[in-house]
Every structure is written in C-alpha cells, then in structure tokens.
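Data block below; observations after.
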Amino acid sequence: QENPKINWRLTSSFPKSLDTIWGGAEDIAKRVSEATGGNFTIQTYAAGEIVPGLQAADAVSAGTVEMCHTCSYYYVGKDPTFAIGTAIPFGLNARLTNAWFYEGNGNKLLNEFYANHKLYGMIAGNTGAQMGGWFRKEINTVDDLKGVKMRIAGLAGRVVEKLGVVPQQIAGGDIYPALEKGTIDAAEWIGPYDDQKLGFYKVAKYYYYPAFWEGGPAIHAFVNLDKWNSLPKQYQAALTDAAAYANTNMMAKYDLKNPLAVKQLVGQGTVLRPFSQDILDACFNASMEVYKDISASNEWFKKIYEDQVAFKKEGYLWMQLSEYTYDTFMMIQQRNGKL
Amino acid sequence: MSALLRFSSLIDRLSEIIGKFSGYLVLFCCLVSAGNALIRYTFNISSNGWLEIQWYMFAFIVLMGAAHTLRLNEHVRVDLIYGAVSDTKRLWIDIVGLTVFLIPACAYLAWICFPFFWLSWMQGEVSSNAGGLIRWPVKLIIFAGFALLVLQGLSELVKRIAALMGLAAVDTTYEKPLQ
Amino acid sequence: MFAYGVMPPLMFLGMICFMLYGFPVAFSLAAVGLFFGILGVFTGHFEEVFLQALPFRIFGIVSNDLLLAIPFFTFMGSILERCGLAEDLLEGTGKLFGAIPGGLAYAVIVVGAILGAITGTVAASVITMGVISLPIMLKYGYNPRLATGVIAASGTITQVIPPSLVLIVLADQLGRSVGDMYLGAIGPSILQVTIFLLFILALSIFRPKDVPALPPEARGEMNAALVIRVLWGMIPSIVLIFIVLGTLFLGLATPTEAGALGVVGAMGIAAMHRRLTWDLTKQGMQTTMRITSMVVFILIGATCFSLVFQGMNGGLWVEHLLSHVPGGALGFLIFVNIFIFFLAFFLDFFEIAFIVIPMLVPVANALGIDLIWFGVLICINMQTSFMHPPFGFALFYLRSIAPKSVKTKDIYLGAIPWLCMQLILVAIVIFWPESVTYWLEKAPVVDLDSIKIEIPGFGNGGGTGGMPNFGLPPMDGAPAQQGGLPGTPNLGEPPKINP
Ligand code: NA
Ligand code: NA
C-alpha cells in the first residue's frame, strides 16, 4: 500500500502550560497529518500522560511510544554525549545550531550516537539564548558565586559547581517557595515568557543574562529507530519537514513573545543584570576543564564535541562579520529611537 | 500442604524482616531530610546526593514495605461487601483476588521492571544532577518490591487455602488503616 | 457518551466493580488496568509494548520528592498523638471557655485549628481530641450527637489549614506550587473555623440544653493563674507551628523538609513530657511505613489504570464529557463538586486525588479556571470524605474510641450538620473566589509603552553615534588590535531602565 494508515503516539517532556515549547509537538502532529492527507496521524500527550517528562526518550528507546518531543540533555545520566544534542555551556547559538545540525555534521554524528540507544533524532524547536535565571542577590564577581544554592540542571551544574555554586535539584513544585524563602538563592528556567508565568519575579528580583549554558538549545524529536526505519519514505519526508517547521516556528514564537514579556517583567520590578565578564570568563574556563575530563573517558563525546568546536570556530568568525556588525548597527538605531 | 505452609512462613518471615527494616528507614529518612535543611541553612553547603538518598529510601519504604503491609492486611479496601460477609466468604474473596488480581499483576510488573533495571545497570546510569547518585539501585528496588509481593501473595494464598481446609487460622478482621 | 468508543466507559464501570469487590484497592486498580491492557492489545488500541511505560511511571512516582511529605506528616501525627501536647491544650482552653454555654465545643474547635496548623493528617487530631474531650462532654450533659460531630469536624479542619497533606498532594496533581496552595487555603480555613464557631453560638442560644456550661467544680477557679497556665501550655504548640510553618516561611526548609523538621520537633515535645520512648518511636515508624506503602501503592495501582485509560483515549473521553456540561466554568465547578461529594462516600481522598483529579485538570485548564482556587475548593470538598457516614475515617476513629453508650447512629447523625456547613463553605468559595485569591500575590498591571530598556555597550563608549571598533583580527593573519578599544561593547554593564 502506498499511503498506509498509521497512527503514532508522541509523548512530550513538557506540560501544556509551557504552551510555546509544548506547541512544537502539536505543530509536528498537525503538519504530518496535513502532508499525508490524514493517513499518518500522531497523537500528542503532555508530560506525565504516558510517561514522566524526564523519561520520554527512554520510553521511545523501549518502543513504548513511537516518538517524543524532548531535550536531549535530560539524558546525560546515561551518557554525557546527550548534552551536545541540546546545548552545552558556551556552545552554539540558535543560528549556528541549525547550521551545524542541518548542513554540518551535527545531525549525522549525533544520529550515529543515538542509534546506540535505538533512537533517531531530529531537531524540532529552539528557544534561542535563554536567560541565566533568577537570583535573590546581585552576583558581581566570581567570589559572589561561592555558596549560591542554585536550581540548575545537568552539565551546567557541573560547570558552576567548580566555581563554588551549590547545584540543587529540587522538585518542580518546590522551586517557587524554595526561591521565595531563600531555601535556594537562584533558579534558572527558560526565558522571559515562560519564567513570567511561574512568577519568579515576585521572589527573586535579579534576572541575569545570558544563560551561557544554553546559547541556542535545540529541542529534539526522537523516533524509535526501528519505527523510523519501517516508515515509508514519503512519511519519513513528511515527518522530517514537520520537525523542521516546528524548529522554525518555536523560535519565531519565542522571538515574538519574549520581547513583550521582558518589558512586562521589568514593569513588575525585575532588575536585569548581565553576568560580568569575569564570571563569564571563569565559567568558560571551567567548562573547558569539564569537556577535557569528559573527553578523556568518553569517545563519543570527544568525537562529536570536537566536530562542533571546529564548526564553532569558523561559525563565530562569520557571525562577527555578518550578523554582529549589522545587528549592532541596528541595535544602536533601535536605541536612538530611529527604527 | 505442610510443605507449602513452611514455605509460607518462610516468606512471611522474610517480608517481616524487610518490612521492619523499611520502618527504620522512615526515621532515618526524616533525620536526613531535617539534617539537609539545617546544614544547608547553617553552613551553606548541600549536595544532590544527600537530597536524592531521601527518595531512594522512600522507594524502599514503599516497595519493599508493601509485602509486610499485605501480610498484616493493611492495604486499604472498599469494605462495603468485605465488611459485611462471613469469614469464609472473606477467605474466598481474598483467594480469588490474590489469584486473579494481585499475583498476575505484580508478576507482570516485576517482569517488565527487570529490563528497566538491567538497562540502567548495563549503561552505568547516574543521576543527571551534579553530584547525584547511581541509578540502578533504585530501579532494582522497584523490581524487587514487586517480586517480593508475588511471593507474599503466594504465601497469603497458601494460608487462606489452608484455613478453608481447617489446617490453619487466618485472621480476616479488617480495619481501615488510620491516616 | 460513546464518542470515543465503548472502552473508556467500560473501564470506568470495570474499576467500580473491581473496587467494590473488596480486594485491596491498589491491586484491584492495577489488575483492572492490566486486564483492559490485554483487551486493548486485542482491540488494536495499542501494542503490548505500550504497557512498558509502567516502569517509567512507577519510577516517576517514587522519585517525586513532594510525596516524601506522606511519611513525614504521618510520622509526625503518630508521635503528636501520644506526646501530650493536645491534652495540655484541651485542658487549658476547656477550663478557660468552660463557664460559657458551648464552651467545651469552642475549645475543641480552637484546639482543632491549632493542631491543624501544626500537623497535616487527620487521625492525630481526631483521636487525641476524642479521647480527652468526649468523656468530659458526655459527663456534663452535651448531646452525644453534637459532641461526636464537633470532634470529628474539628479533627478534619487540619486538611484545609496549612500544612496539609491534601494540599501538598493536590499541588502536585495540579502542577502548582505548594506555597501558593497554602496561601490560597488561608481564607477558607478562617471561614470554616468561623462557621463552626457561629454554629455553636447559635446552638447555645436556641438549644442551650445541648451545649451546657461546665459546673464550677469541673472548670476550677477562673483567675489570672489559670490564664497564665493556659498560655504557658500553648508554648509548645507555638514552637511546633514555628518549626513546621515558620521554617518554611523563613527559608530554612522546603515544604517537604518542614515536615521532617516537624517530626524532630514533635519528638522533642514528647521527650519534654517524658513520653518519648523507643517503643513509641518504633510503633510510629512501623505504622508510618505501612501507611506510606499503602497510600503510594494506590498511586501505583492508579497509574496502571490511567496509562491504559489514556491508551483507550479515556482522557479525551472525560474531557469531551466534562466540557459538554452546560453552564461553562460555573456549571463545570458545580458538577465536579457534586460528583466529588458523592465519590467521597466510598473513596478516600488519596483515591480521589490520584484517580479523579488528573482527569479534571485539563478541562479546568481549558475553561480558564484558576487552578489554585480549584485545588482549594476540591480540598474543602474532599474534607467531607472524612465525615461521610458510614465510611468516613473521622467517624471511624471516633467509633473506635467512643464509649458504648454512644450509639453508632448518633455518630452518623451527628456528622450531618457539619457536612452541611462544609457544603455551605464550598458554595461560598465557588461564588466568592476572592476568599482564596485574596491571599495570593497579584501581578501588577504594566503599561508596556512606559518601559524603556537600554542595553549598554553599543556605540562609542556606550553613547550614541558611530559604529563600535570591534578589534577583529584582519583576514590576512596580521596581529589583532589590542583589546580595550574605545567603543568595544562592555558586556558586563547592566542595562538602564527608563533612562
Ligand atoms: Na534554562
Ligand atoms: Na493542617
């Protein structure tokens, strides 16, 4: 049969309340169905409806559901290489992420790695550079980081731990009260639009930027490898296109929603603060140490990380000539009220 | 039958020892949690390992304590019918329930939880949080909990059949557990 | 009804039958889930491998830190029950209020509220208050129905007053913060205590024989010494309230850890009363272990059921049904509350929270209902499940400690006025949402056009004008210009707001 009737389940790592990031899953489902005349349908489930959010890819590996929409770096406990799929500290921005995945070796190399876990991955969303999180007090120097109890997950936790931050993984529902009462001193989440809904601005007024650990984090759609291989070619194409559409659309939505949200947050008393050059430098160095450590013991990580670094060197030269110069000029016009 | 009853009392003993141990973990878990809060507040230090050990203990209390709880008939029931019928009928309700509900369900859960543990063991999976713990022990607890429940279920079945045959006494009194 | 096939309604029916059968709920739920799981494979709803989501879900349950509150609060309750704190409180306040009609009943309500602010479980309050005050009330001529009713009702207040296990579990199910649930529950707790006190006041006016004042020989001399003794007796309670709620609001502990600190505090008070023995501790931890295991196994059973229910499109079915209840959000709320009130006749709150609430959340969300308000509302409603004759826990505890002279019928009938009061409270909160939301912080309204954010570091020295000198190395490999050039963006300088 040319266009068989197929119905898949997709489990998302995100709750429906994070509408933008959850919307990526719905975009995929909608596009696939439209492109196949309703023959290939994907039913979407929010985090917890089938499996808990942090175990979405495990469920896909096991074949429990056909696919998921998740962040690759949730699975660094299995292998640190998973981190590169989403973002690593001082990694790529959203533009370069796309370039590395689509036209560089990113997709190819990572899919070789994901195959060990019976997964086939496609990037299907990006939040853009995230915010560095909410702090109860100002962080001016590297010393100020010492003893800061921060809710920060994954590899970034390992990096800031080297500078004396105390990474704390606490239950989702506990973050807000813990931050409110100073049980923790800081928490990072996503960006202005999503952070605003959780109300962190009410309890920690310093809002730092940028999240150097998430310069352009990609959201992944993972498909069970066997299911992917058994999918008719035209459905593979439809799904690939749908993921690419979701990738663009999520970035677009965030770029529309975040500017308004950040203004609202400022109006609600949020104080914006950049991480100082010193802090960024120290974290950068700490990250390089972490990468050296991991590379020494993990072949996959070493191979894929080095490919990304090679790409990053060229990419950031080009960014300076193109985007940076143009953007800076335009930003000055913006600030001078000439736009 | 007497061999079966010996098997049953052996299982009972095993569940009881594990159950008692789970009880001690309740106290220990409280102390760890209170300690975490105090140490973090006074010395500004903390570790994800000590936070995670709390729910590792919780997992043990829940899963490994379930068999002992079953032995004491303290899993909550809707006692509209059970509370109103005779002892013999209660024995029958339990015999059917154990054979049709508990043993197959727990055996199936143990069966699918084993590969879940095994994969984690093979991958050497660790927590994704900085300073977190290795993961397979807690996944092993999930498997072991259901396995122990299957054994305890068999033991309860043996005792109830023996009671129907007049070979042993089973106390079927049931009180809704306090909360 | 059958918009999503016959399977979802059949599963619902199956669940009720399996549960009524009388085998432990946890295993019946798991079995009905797996039974329909097999059916689902045959009907082509999913493949067998779909059921392998269960280990992930069970792992999700045991790794949920919030559920640690269950053993902590249960353990604290079982120690409080025997540590002498409630006795001190009741004795003092009883003597203080004894002289006025209804005095003992006021004392029970006030002590119920104080215990409520310390602990999060019902058993501790009802049993201690029942053991101490029921005999006194009966001895001095209280109507037995009123006496048992006021004790059962005051014992259940703890579920609405923070800290509360029900609120923690609901916060988890609703995906909202425990802190906000606590804040939202403040208003309704005050309302509830007020309604109870007013009811006793009305009784003392219209039916004074039911609630007589204590004779002087029973209440002792009313003097300054007594007041001081009563106040002194309250110190341990105040300390405990501080330990559990204070540490939370001071930032010493998370809501979960506050429970653990409460255990330590309760043990301290028991030790002060010289009642902290190893036996008591051991009993407490064994009971706690069994209750924790029992409760969390209901959750495990429920997760088997709800996975298969999802697989059968049950979630869509419930959403479809509930979103067709007439009357929009209000209609939905009224329907849901009546539904839960009836479910509470034969399910207890954990079963409702774990099985029913997850089905309601998406609909409530879609209707734009504030989930904190919704949660608090459900919490008040579920409080009635403790008092429903004939299966309510509170009534059950009372039966086990009440003297033979109190008929079971009295206990059942005694509960009814208090159930009505709680329904009145539910109605008040439905039609007056501010009773919940008043305590929640509201976001200020922002005029976006008035907000100007200026990020420094662009242009020459942060000023306006020309292009920055980037200091980039030229392409031909000549040495780069050294840093610190004028106009290089200073990325570390904070932005200016409304310059
Ligand atoms: Na983030
Ligand atoms: Na309470």
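Chain naming here is simple, since letters A, B, ... match the order of the sequence lines and numbering starts at 1 in each. Just so it is clear, the model here is predicted, and its values are computed rather than measured.
- Taking 4.5 Å as the limit, some side-chain heavy atom of Val62(B) sits within range of a side-chain heavy atom of Phe297(C).
- Here the shortest heavy-atom pairing between Met285(C) and Val26(B) reads O-CG2, 3.9 Å.
- Heavy-atom distances place both the backbone and the side chain of Phe59(C) under 4.5 Å from chain B.
- Both the backbone and the side chain of Leu261(C) come within less than 4.5 Å of a heavy atom of chain B.
- Your options are Val138(B), Leu109(B), Leu102(B), and the one with the most heavy-atom pairs under 4.5 Å with chain C is Leu102(B).
- Under the 4.5 Å side-chain criterion, counting only non-hydrogen atoms from C-beta, Thr69(B) is in contact with Met289(C).
- Between chain C and the options Ile81(B), Ile141(B), Ile93(B), the largest number of non-hydrogen pairs under 4.5 Å is found for Ile93(B).
- Val263(C) has its side chain out of reach of Ser33(B): every pair of non-hydrogen atoms, C-beta onward, lies at least 4.5 Å apart.
- Contacts with chain C were tallied for Val100(B), Thr42(B), Ile61(B); Ile61(B) has the most, counting heavy-atom pairs under 4.5 Å.
- Annotation for Glu47(C): atom CD does not count as buried by contact number, only 12 or fewer foreign heavy atoms lying within 6.0 Å.
- Heavy atoms of Leu51(C) lying under 4.5 Å from chain B belong to its backbone as well as its side chain.
- Options Pro104(B), Gly97(B), Ala105(B) differ in how many heavy-atom pairs under 4.5 Å they form with chain C, and the most are formed by Gly97(B).
- Looking at Leu72(B) and Gln286(C), their side chains never come closer than 4.5 Å, going by heavy atoms from C-beta outward.
- At least one side-chain heavy atom of Phe146(B) sits under 4.5 Å from a side-chain heavy atom of Ile58(C).
- Residue Ile112(B) holds its CD1 atom at 7.5 Å from CG of Leu34(C), rounded to the nearest 0.5 Å.
- Taking the six-membered ring for Trp, Phe35(C) and Phe101(B) have ring centres at least 6.0 Å apart.
- With a 4.5 Å cut-off on non-hydrogen atoms, Cys106(B) touches chain C through its side chain but not through its backbone.
- Remark: Thr281(C) OG1 to Tyr24(B) OH distance equals 10.0 Å, nearest 0.5 Å.
- Lys139(B) touches chain C through its side chain: at least one heavy atom from C-beta onward sits under 4.5 Å away, while N, CA, C and O do not.
- In this structure, no portion of Gln283(C) lies under 4.5 Å from any heavy atom of chain B.
- Put simply, the side chain of Phe117(B) does not reach to within 4.5 Å of the side chain of Pro55(C), judged on heavy atoms.
- For the pair Phe23(C) and Leu98(B), the minimum side-chain heavy-atom distance is below 4.5 Å.
- Taking CD1 of Ile142(B) as the start and CD1 of Ile300(C) as the end, the distance is 8.0 Å to the nearest 0.5 Å.
- The CG atom of Leu63(B) lies 7.5 Å from the OG atom of Ser293(C); values are rounded to the nearest 0.5 Å.
- Looking at every heavy atom in both residues, Phe58(B) comes nearest to Val62(C) through CD2-O, 3.5 Å.
- Of the inter-residue distances, the one linking Ser63(C) atom OG with Arg135(B) atom CZ reads 7.5 Å to the nearest 0.5 angstrom.
- Other residues, nucleotides and ligands contribute more than 12 heavy atoms inside 6.0 Å of the CZ atom of Phe114(B).
- Tyr82(B) and Gly22(C) make their closest contact through CD1-O, 3.9 Å (heavy atoms, listed as atom of the first residue, atom of the second, distance).
- Between Cys30(B) atom SG and Glu257(C) atom CD the span is 11.5 Å, to the nearest 0.5 Å.
- Between chain B and the residues Gly37(C), Ser28(C), Ala26(C), Gly284(C), the largest count of heavy-atom pairs under 4.5 Å involves Ser28(C).
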